[in-house]
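Step one of this worksheet: look at the structure below.
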Amino acid sequence: MRIHDRIEINPDIMFGKPVIRNTRITVEHILRKLAGGMKPEEIIIDHPHLKTNDIYAAQEFAADYLADEVTAYA
């Protein structure tokens, strides 16, 4: 997997889940908000210290994670 400057994985922060660097906001949390229909601007209202590029970084991280996933066919 490639390196994402805005994403941090540290076992001491949120049990090692990927988070936006220097926050405790997980990539999963952002993706769930987007999946629920929130727009990036609305997420930033909820979390004012985030930037639009943080939202995009979470999406890019998830896409790269899935691209590296090994699939098994039955």
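Numbering starts at 1 and runs along the sequence shown.
In terms of the salt bridge (Lys or Arg N to Asp or Glu O under 4.0 Å) criterion, residue partners of K17 (sequence neighbours excluded) are, by chain and number, E28.
Distance CE/M38 to CD1/I45: 7.5 Å, rounded to 0.5 Å. Atoms CD1 and CZ, on I20 and R6 in that order, are 8.0 Å from each other to the nearest 0.5 Å. Interatomic distance, CD of E41 versus CD1 of I55, reported as 9.0 Å (0.5 Å rounding). How far CD1 of I7 is from CG of D64: 10.5 Å, rounded to the nearest 0.5 Å.
Classification of D54 and R21 as a salt-bridged pair fails, no side-chain N sitting under 4.0 Å from a carboxylate O.
Applying the ring-ring contact (aromatic ring centres under 6.0 Å, His included) test to every pair with at least one member in residues 13-37, sequence neighbours left out, gives these pairs: H29-H47.
Between I44 and K51 the shortest side-chain heavy-atom distance does not fall below 4.5 Å. Put simply, the side chain of K33 reaches to within 4.5 Å of the side chain of D46, judged on heavy atoms.
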Verify side chain to side chain contact (heavy atoms under 4.5 Å, CB included) between V19 and R24, making sure each step is shown before the conclusion.
CA-CA 6 Å; V19 298; R24 297 179 65 80; 5.6 Å; no
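The nearest pair of heavy atoms linking E42 to G37 is OE1-O, 4.0 Å. Taking both residues in full, the closest heavy atoms of E8 and N22 are given as OE1-N, 3.6 Å, listed atom of the first, atom of the second, then distance. Heavy-atom minimum distance, V27 versus A58: CG1-O, 3.6 Å. For I43 against I30, the heavy-atom pair with the smallest separation is CD1-O, 4.1 Å.
No chain of hydrophobic side-chain contacts below 4.5 Å, direct or via other Ile, Leu, Val, Met, Phe, Trp or Tyr residues, connects M14 to F61. In terms of hydrophobic clustering, with Ile, Leu, Val, Met, Phe, Trp and Tyr side chains grouped at heavy-atom distances under 4.5 Å, L31 and I9 are assigned to a common cluster.
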